[in-house]
Amino acid sequence: MSVRSYIIDDREQKRFLLDREVLVSEDVLRTERAQIFGRCWIYVGHSSELKKPGDFRSRKVAGRPVIFCRDQAGNFHCLFNTCRHRGAIVCTEREGNRRRFQCIYHGWTYGNDGRLVGVPGADAYAESFDKSSHGLRRPARFEEYRGFWFMCLDEDADPLPDYLAGAKDYIDLVIDQSPSGQMEIIAGVQEYDVAANWKLMVENSVDDYHLPATHSTWLNFMANSGVKIEPPKEEGLVLPTRGKAVELGNGHFTTDNVNFRGRPVAKWIPLYGEAAKAQIDDIRGELVARLGAERAGRVADTNRNLVIFPNLVINDGSSVTVRTFYPDGVGKMHVTAWALGPVEEGEDARARRLDAFLTFYGPGGFATPDDVEALELVQQGLANWADDRWSEMSRGMGKEGEQLNSDEHHLRIFWRRWNELMGAQT
Amino acid sequence: MTVAPPRVITRAEVEDFLYHEAALLDEWKLNEWQELLTDDAAYYVPPNDQLEGDHRTTLFLVADDRERIRQRIIRVLDPNCHAEFPKSRTRRLISNVRIVARDGDLVTVAANFVCYRYRRYERIREYVGAYRYILRCAGDSFRIKERRVLIDAHELGTLGSVSFIL
């Protein structure tokens with residue numbers, strides 16, 4: 001399929017424009033479901049959410065109800081939460097531990113590996129009825145990278161590690177916070193809707209240009225808490241420290257910033273309190289001993305917002321959040337966000353991580369509600385799209401070499417990849 | 001010398017206090033509201049899926065100590081707090097007020113609430129749930145030592161955010 005391009009990518013005039021129709025069109029959304037969500041690797045969940053055989057979580061992944069579970073042998077599965085008989089949801093609990101999932105409608109029963117193990121009144125079926133071919137269906141592919149499980153509906157997709165490309169290095173960097181290389185999802189999920197197109201959340205997650213305008217109250221709070229907020233020292237920068245945007249292949253990208261906002265692992269700021277100083281020193285000492293000074297510095301003194309195309313964001317900033325979102329109509333998305341931390345984290349360090357999370361992120365945080373407001377204002381403003389058609393995304397295009405976190409290079413990476421997958425002629 | 005027995009606390013007194021608090025919050029008189037708090041006050045909104053969680057081990061929506069409450073109020077009263085500018089109009093109805101425990105000068109109170117939130121051009125948001133208070137007796141009134149807001153919705157969903165004091 002080939003459609004017109006939704007972007008104007010003029011490398012000569014150094015201008016990049018986005019057709020706002022992509023944020024309001026039902027036709028575009030239908031095509032996205034097939035070309036983007038039907039072909040890309042989509043985040044399902046984290047190994048740490050299923051600690052024992054039989055553990056399960058039911059959730060929606062890109063709008064599809066699935067059961068993320070482990071069988072009795074401990075193998076991980078992603079099953080469509082849809083009875084093979086007449087289509088009802090078979091697992092209605094959010095989470096738990098079960099050997100079997102029984103549909104309440106007629107009682108068809110499935111093992112936690114998806115096999116159909118029970119059909120009431122099975123003798124009424126002809127001999128040709130084959131129970132073994134009526135297990136719960138599942139996405140064509142289901143693979144893991146270091147605890148992060150993804151599904152793909154396209155049988156012919158590249159293996160997950162190839163798909164992740166350069167994003168693997170940044171996932172590794174996040175995981176290096178843990179002495180054993182194991183991170184875990186912390187209890188307590190944040191699920192909220194944003195009345196805006198899902199792609200606006202991709203942009204917002206890595207767009208450091210918006211911080212001073214959108215988040216001045218957060219910067220004030222940091223200053224009130226004793227964090228030094230200095231004016232930027234370099235042309236083009238908008239934050240106290242330097243940050244760049246990095247392309248990671250296959251539409252993935254990240255910011256890579258020198259930290260000024262503190263790191264639970266392991267850069268102390270006054271907000272953590274004097275008593276935390278010694279503990280942060282210890283955590284840092286462990287990092288240096290394990291990773292060497294240079295790599296420890298990368299872990300502790302830089303922060304990053306990583307986008308794994310199309311809809312997974314790992315913000316390793318004030319704390320670590322794993323955030324995914326999917327469209328529910330052109331002007332609405334559901335967001336799910338978790339906190340991530342090292343499995344061996346001590347009690348005080350864990351409490352500090354969660355507190356640091358809330359200084360910025362989430363529906364009650366000091367910054368996220370203003371992001372949500374910004375995205376919703378964009379969506380409202382887009383009612384004029386037919387008469388004011390193009391969004392401007394050219395920041396940084398005029399210069400050679402490294403692109404800053406406050407440029408729009410990384411946003412362009414997303415839109416170029418999106419445009420290509422949508423089948424656009426460029 | 002005999003110690004005076006602790007005074008009897010009635011539901012009506014507690015209700016009067018909660019209604020007064022609700023009025024201050026709905027009218028955005030947050031600096032006056034702060035005066036109702038003890039110096040060690042805390043404000044919690046647990047996540048929808050872990051209402052009984054501990055904020056030190058569970059990711060909450062809000063887990064403010066006294067200083068964070070002060071900072072939250074500076075933030076939400078600032079016109080640059082975009083999620084609350086222009087301010088939401090809220091109206092909270094409080095009911096089913098019960099005194100559930102008494103320990104010296106501390107009184108544990110439970111109440112149900114509905115809080116309607118309106119913003120221009122936006123759908124109505126209806127926050128429904130339970131308040132749990134730990135109040136400290138102070139003269140003939142109370143101070144709030146702990147304020148916990150349990151939201152009934154299984155996910156925040158269309159409620160979107162908790163950018164005001166719920």
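Note that the coordinates shown come from a computational prediction; the quantities given were computed from them, not determined experimentally.
Rounding to the nearest 0.5 angstrom, the gap separating the OG1 atom in A/T336 from the CZ atom in A/R323 is 11.0 Å. In this structure, CZ on A/R98 lies 11.0 Å from CD1 on A/I67, to the nearest 0.5 angstrom. The structure places OG1 of B/T90 at 3.5 Å from CG of B/D26, a figure rounded to the nearest 0.5 Å. The CG atom of B/L51 lies 11.0 Å from the OG1 atom of B/T58; values are rounded to the nearest 0.5 Å.
With no hydrogens or angles considered, no side-chain donor-acceptor pair links B/S161 and B/R125 at under 3.5 Å. Between the side chains of A/N305 and A/N315, at least one donor N or O sits under 3.5 Å from an acceptor N or O.
When heavy atoms are compared at a cutoff of 4.5 Å, A/F357 approaches chain B solely by way of its side chain, counted from C-beta outward. For A/D371, no part lies under 4.5 angstrom from a heavy atom of chain B. Within the 4.5 angstrom heavy-atom criterion, atoms from both the backbone and the side chain of B/R68 approach chain A. In this structure, the portion of A/A195 lying under 4.5 Å from any heavy atom of chain B is its side chain and not its backbone. Proximity to chain B (any heavy atom under 4.5 Å) is shown, for A/E191, by both the backbone and the side chain. Contact of A/E347 with chain B is made through backbone and side chain together, with heavy-atom distances under 4.5 Å. With a 4.5 angstrom heavy-atom cutoff, B/Y121 touches chain A only via side-chain atoms. When heavy atoms are compared at a cutoff of 4.5 Å, B/E67 does not approach chain A at all. Proximity to chain A (any heavy atom under 4.5 Å) is shown, for B/R72, by both the backbone and the side chain. For A/L219, no part lies near chain B; criterion is any non-hydrogen pair under 4.5 Å. Using a 4.5 Å cut-off between heavy atoms, A/W218 makes no contact with chain B at all. Heavy-atom distances place the side chain of A/R94, and not its backbone, under 4.5 Å from chain B. Contacts between B/Q50 and chain A at a heavy-atom distance below 4.5 Å involve the side chain alone, from C-beta outward. Residue contact with chain A, scored on non-hydrogen atoms closer than 4.5 Å, is absent for B/L159. Interface remark: B/V45 contributes no atoms to any contact with chain A (heavy atom separation under 4.5 Å). The part of B/T57 that comes within reach of chain A is its backbone (N, CA, C, O), which places non-hydrogen atoms under 4.5 angstrom from that chain.
For the side chain to side chain contact (heavy atoms under 4.5 Å, CB included) with A/R59, the lone residue among A/V189, A/V66, A/T324 that qualifies is A/V66. Exactly one of A/R353, A/R352, A/R263 qualifies for a side chain to side chain contact (heavy atoms under 4.5 Å, CB included) with A/S319. That residue is A/R353.
Top candidate by heavy-atom pairs under 4.5 Å with chain B, chosen from A/I186, A/L354, A/N220, is A/L354. Note: B/L59 leads B/L59, B/L156, B/D54, B/V76 in heavy-atom pairs under 4.5 Å with chain A. Chain A forms the most heavy-atom pairs under 4.5 Å with one residue out of B/A83, B/P47, B/P46, and that residue is B/A83. Of the listed residues (B/T158, B/V62, B/I74), the greatest number of heavy-atom pairs within a distance under 4.5 Å of chain A belongs to B/T158.
Using a 4.0 Å cut-off between charged nitrogen and carboxylate oxygen, B/D40 and B/R66 do not count as a salt-bridge pair. The pair A/D370-B/R75 counts as a salt bridge, with a side-chain nitrogen and a carboxylate oxygen less than 4.0 angstrom apart.
The distance between the ring centers of A/H46 and A/F148 falls below 6.0 angstrom. Two rings, from B/F164 and B/Y127, have their centers less than 6.0 Å apart.
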